[in-house]
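One structure is given below, encoded as structure tokens.
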Amino acid sequence: MSSDDEMTLSEVGKLRRSPSVDSIPLSQMDSDPTTTSADSDMPKVSKRKAKNSEGKRKRAKKATAVIKDEDNEDEDVPLAQREGSPKKSTTKKSTSKVKVEKESVSKKTNSKKVTPKKEEKESSVDAEAAAVAAAEEEEEEKYRWWEQEDVDGEQKWESLHHNGVIFPPEYEPLPSHVKLYYDGKVVNLPPQAEEVAGFFGAMLETDHAKNPTFQNNFFEDFLQVIKECGGCNVEIKDFNKCDFSKMYTYFESEREKKKALSRDEKKAIKAEKDKLEEPYKTCLLNGRKEQVGNFRIEPPGLFRGRGAHPKTGKLKRRVYPEDVTLNLSKDANIPEPPAGHKWGEVRHDNAVAWLAMWKENIADSFKYVRFAANSSIKGLSDFKKFETARQLKDHIEEIRKDYNKMLKDELMQNRQMATATYLIDIFALRAGGEKGDEEADTVGCCSLRYEHITLKPPNKVIFDFLGKDSIRFYQEVEVEKQVFKNLRIFKKPPKQPGDDLFDRITPPMLNKQFQNYMKGLTAKVFRTYNASKTMQDQIDLIPNEGTVAEKVVKFNAANRTVAILCNHQRTVSKGHGSVVQRISDKLKEMVWQKLRLKKMIIELDPKLKKKDPKYFEEINDLTKEDEEHIHKAVIERQKEAAHKRFQRENEKLKVEDQELLPESVLKERLEKIDELAQEYAEELKSNKPIVKKTDTVEKLKAQIEKIETRIVNTTFQLKDKEDNSEVSLGTSKMNYIDPRLTVMFSKKFDVPIEKLFTKTLREKFNWAIESADDNWRF
DNA sequence: CGCGGGACTTAGTAGTGTGAGT
DNA sequence: ACTCACACTACTAAGTCCCGCG
């Protein structure tokens with residue numbers, strides 16, 4: 001399969017599944033009498049039972065439950081016996097220093113310096129010294145943390161100095177003519193309430209504002225705020241009587257105004273903003289300058305929860321300095337809070353990596369101000385993450401062997417553990433922790449419920465559920481026979497829709513089990529591992545040939561396999577359908593033009609048709625209807641273009657204070673197009689295009705060639721659009737694919753790294769760019 | 001063990017800045 | 001030169017996982 005071919009989900013699944021399947025001899029999977037027994041215990045229920053009112057779903061108490069079904073011919077040892085014996089393959093590396101192949105770096109620096117000069121032995125010493133010196137010099141500029149010894153996990157920093165955070169500007173009341181109307185009456189809202197109304201007004205045309213939950217939550221909080229600040233002239237009771245349209249129009253006009261500002265004005269505004277933000281953008285970490293990530297306190301607004309979030313639309317309250325906790329060195333200068341305010345708290349906790357923190361009022365959780373992605377702290381933890389994932393490859397075989405065996409364990413809990421591990425490993429599911437009633441109903445592996453999977457014998461499973469961010473996970477896959485059997489057992493009555501499939505295990509239990517194989521191994525590591533492993537495998541399939549653009553396309557195709565594996569989606573943009581339509585229309589038109597040109601050649605030299613039948617084979621591929629349709633479209637477009645051109649020319653003349661073109665010019669032009677339409681109509685009848693006197697066979701052939709390359713390009717573009725329309729490559733590139741793979745690809749395939757990483761990603765992954773070479777492997 | 005608090009990574013999208021195509 | 005779609009960045013929501021407590 002060429003890597004740019006579309007790959008379906010199940011193909012990806014197969015691709016991924018093969019190693020594990022290979023490692024278990026079929027003989028190990030004994031046949032099961034239940035396979036053929038009634039499937040009647042699989043109701044096709046897809047409707048979800050109302051959530052248990054207690055909030056928490058039931059989880060069986062007796063973890064010791066033994067599977068008493070027909071499966072008990074299994075002679076496997078219960079896990080209990082195994083549990084005490086952690087896998088011997090504990091990592092030696094875990095204690096060693098975290099260093100990114102320092103040697104290879106310096107070596108490379110060397111060879112770079114040496115090779116061009118072809119000097120050998122003696123100079124290599126000098127070169128090394130020079131390299132070291134250069135490195136040290138650079139260190140003034142950029143701290144090469146990945147060449148340092150690891151400062152053992154516990155402590156995150158030695159010293160930390162920063163300038164605090166930026167607060168959003170205070171609310172500025174709307175001009176007095178912009179009001180909320182209630183039941184036709186002007187409402188005079190106190191500023192605080194007006195602000196909240198404005199939040200809604202600004203969103204009036206969004207999907208959120210049309211969502212009843214959003215409306216209710218907003219309205220409830222809006223009324224609360226009105227009450228808090230002493231009410232207003234009109235008693236507001238009914239959301240539907242509120243008219244926010246004046247506010248909306250005002251915000252729109254303000255937006256237009258802003259857009260209409262001249263280039264210089266915009267620049268000036270931006271310069272001023274930058275100047276104000278300058279001090280907050282960086283901080284001093286262990287004496288070195290580092291970027292801060294989100295130094296701005298989140299502004300108040302309406303909470304935009306994703307999916308069916310019960311709290312969506314609630315008011316996200318303004319955060320004041322009193323709500324903010326700062327974290328910095330004991331001896332650091334404490335930034336001045338905004339005038340008239342005090343900081344909530346000042347801490348000196350070097351076991352954490354945040355600069356400031358506050359509590360938000362929606363879920364009552366914390367928000368943090370942290371270092372930027374390109375900081376040494378983030379880089380180091382990113383590096384560690386990938387190293388952990390990379391280590392997994394030394395254990396994965398054993399893990400797979402074990403869980404395949406444990407799929408038949410007689411202990412229900414163990415079977416669930418094994419089955420869950422299988423799903424996490426093969427289908428890249430997330431762990432899936434419990435969620436409360438106050439959150440959107442989304443699931444991961446351990447929180448999968450009865451209604452989320454459908455079983456189709458002999459071994460097909462259909463997953464259909466909402467995962468993180470309420471993104472739908474829909475896959476029809478084939479699983480190991482034993483997995484299928486187990487899933488059926490997990491669905492057996494009395495289980496019914498609404499019940500957990502994995503009712504005896506939790507993510508912490510899984511993770512605890514994983515630690516037995518390898519320090520730091522948790523459920524999410526499987527995603528990182530499998531993503532990077534897939535990428536490595538895909539890159540291995542790419543031939544080192546073609547143009548840079550072609551290679552980038554192949555790289556993206558590989559990237560896409562990973563994104564599909566991880567189910568990274570994006571919503572198709574509103575215009576997508578029409579865009580695709582337009583491109584395919586354009587494509588058809590080009591084909592028509594090509595065929596038309598070929599017909600012309602025959603007109604010029606009818607003998608050619610016999611001489612090269614293949615070349616002319618396609619000339620009648622388009623139906624009359626198609627052709628007519630295309631004619632219409634072409635004429636339509638030309639007319640439109642004529643109108644536009646006329647308008648533009650006149651506008652220009654107007655500006656130059658010259659005489660405008662008379663309507664007759666436009667008319668004349670349109671008439672010419674009508675003539676063309678006539679010609680086309682004739683052509684349609686005769687099937688013989690009119691050939692210009694100046695045309696020759698050679699000229700036409702050249703034109704055809706041009707069009708053909710355009711057709712190829714456009715076809716490609718269209719395909720890429722369609723393939724990519726719902727897949728988001730960015731997330732996997734940023735979080736799952738070891739950046740050293742990308743760097744390796746860049747070097748090995750001679751593709752500039754700029755084509756693969758954006759500026760931000762290059763900064764974030766600088767450690768990888770500096771440390772991986774063309775034969776680095778995950 | 002189970003739970004809640006806390007800190008961190010992962011995720012899609014809104015809103016821009018910008019460069020390819022005309 | 002001008003648009004207009006696209007690519008990137010900023011933003012912040014939504015996960016995971018760890019820890020300490022009862």
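In what follows, chains carry the letters A, B, and so on, assigned in the order in which the sequence lines appear, proteins first and then strands, with residues in each chain numbered from 1.
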## Note on the structure
Per-nt protein contacts along nucleotides 16-22 of chain C (heavy atom under 4.0 Å; B base, S backbone sugar-phosphate only, - none) come out as SSS----
### Query
In whole Å, what is the span from the CG atom of A:Leu729 to the C1' atom of B:dA11?
14 Å
### Query
A:Phe514 and A:Phe526: aromatic ring centres closer than 6.0 Å?
yes
### Task
Could you tell me whether a side-chain N or O of A:Asp738 sits under 3.5 Å from a main-chain N or O of A:Phe778, the two making a donor and an acceptor?
no
### Task
May I ask you to say what A:Ser365 touches in the nucleic acid, namely base, sugar-phosphate or nothing, with a heavy-atom cut-off under 4.0 Å?
nothing
### Message
Counting only side-chain heavy atoms from C-beta out, which of C:dA14, C:dG15, C:dT12 sits nearest to A:Lys367?
### Response
C:dT12
### Donor-acceptor under 3.5 Å (A:Asn294 side chain, A:Tyr368 main chain)
yes
### Query
When you measure from every atom of DNA chain B, which of residues 309-317 of chain A have a heavy atom less than 4.0 Å away?
none
### Message
Salt bridge check, A:Glu254 against A:Lys257: does any charged N sit closer than 4.0 Å to a carboxylate O?
### Response
yes
### Task
Starting from C1' on C:dC11, measure out to CZ on A:Phe303 and report it in whole angstrom.
13 Å
Dump the pairs, protein N or O against N or O of nucleotides 13-17 of chain B, anything under 3.5 Å, distances to one decimal.
residue, atom, partner, partner atom, Å
B:dT13, OP1, A:Thr571, OG1, 3.4
B:dT13, OP2, A:Thr571, N, 3.2

### Query
A:Tyr250: what forms a ring pair (Phe, Tyr, Trp, His ring centres under 6.0 Å) with it, not counting sequence neighbours?
none
### Task
Mind calculating the distance between CG (A:Leu466) and P (C:dA14) to the nearest angstrom?
13 Å
### Query
Does A:Glu277 come within less than 4.0 Å of A:Lys270, counting only side-chain N to carboxylate O?
no
Under 3.5 Å, which N/O atoms of the protein pair with N/O atoms of nucleotides 6-8 of chain B?
residue, atom, partner, partner atom, Å
B:dA7, OP2, A:Tyr368, OH, 2.8
B:dA7, O5', A:Tyr368, OH, 3.4
B:dC8, OP1, A:Lys156, NZ, 2.8
B:dC8, OP1, A:Ala353, N, 3.2
B:dC8, OP2, A:Ala353, N, 3.1

### Task
Please list, chain by chain and in numerical order, all residues satisfying side-chain contact (heavy atoms from CB on, under 4.5 Å) with A:Glu754, sequence neighbours excluded.
A:Pro752, A:Arg762
### Task
Quick one: closest heavy-atom pair of A:Trp157 and A:Gln155, and the distance?
O-NE2, 3.1 Å
#### Entry: Whole-Å gap separating C1' (C:dT12) and CZ (A:Arg296)
13 Å
### Residue pairs fulfilling salt bridge (charged side-chain N to carboxylate O under 4.0 Å, His left out) with at least one residue in residues 365-377 of chain A, sequence neighbours excluded
A:Glu298-A:Lys367
### Task
Would you mind reading off the distance between A:Asn294 atom CG and B:dT10 atom P, rounded to a whole angstrom?
16 Å
### Message
So, using ring pair (Phe, Tyr, Trp, His ring centres under 6.0 Å) as the criterion, who are the partners of A:Phe371 when residues are at least two apart?
### Response
none
### Residues in ring pair (Phe, Tyr, Trp, His ring centres under 6.0 Å) contact with A:Phe200, at least two apart in sequence or another chain
A:Phe218, A:Phe239, A:Phe244
### Residues A:Lys435 and A:Thr442: side-chain donor-acceptor under 3.5 angstrom
yes
#### Entry: Set of residues satisfying ring pair (Phe, Tyr, Trp, His ring centres under 6.0 Å) with respect to A:His162, sequence neighbours excluded
none
#### Entry: Residue whose nearest DNA chain C nucleotide is more 5′ - A:Asp469 or A:Leu761
A:Leu761
### Task
Decide, yes or no, whether a salt bridge links A:Lys384 with A:Glu387 under the criterion of side-chain N to carboxylate O below 4.0 Å.
no
### Task
Answer yes or no: are there more than 12 heavy-atom neighbours, outside A:Lys210 itself, under 6.0 Å from its atom NZ?
yes
### Task
Not counting sequence neighbours, which residues clear salt bridge (charged side-chain N to carboxylate O under 4.0 Å, His left out) with A:Lys551? List them please.
none
### Query
Between A:Thr760 and C:dT9, does any side-chain N or O lie under 4.0 Å from OP1 or OP2?
yes
### Task
Classify the ring geometry between A:Phe386 and A:Phe765 as parallel (under 30°), tilted (30 to 60°) or perpendicular (over 60°).
perpendicular
Produce the list of close N/O pairs, under 3.5 Å, pairing protein atoms with atoms of nucleotides 20-22 of chain B; give distances to one decimal.
none

### Task
Would you kindly compare A:Asp364 and A:Ser732 by the position of their nearest DNA chain B nucleotide and give the one closer to the 5′ end?
A:Asp364
### Query
Is there a side-chain polar atom (N or O) of A:Thr758 under 4.0 Å from OP1 or OP2 of C:dT9?
yes
### Query
In terms of the nearest nucleotide of DNA chain C, which residue is placed more toward the 5' end: A:Glu298 or A:Glu754?
A:Glu754
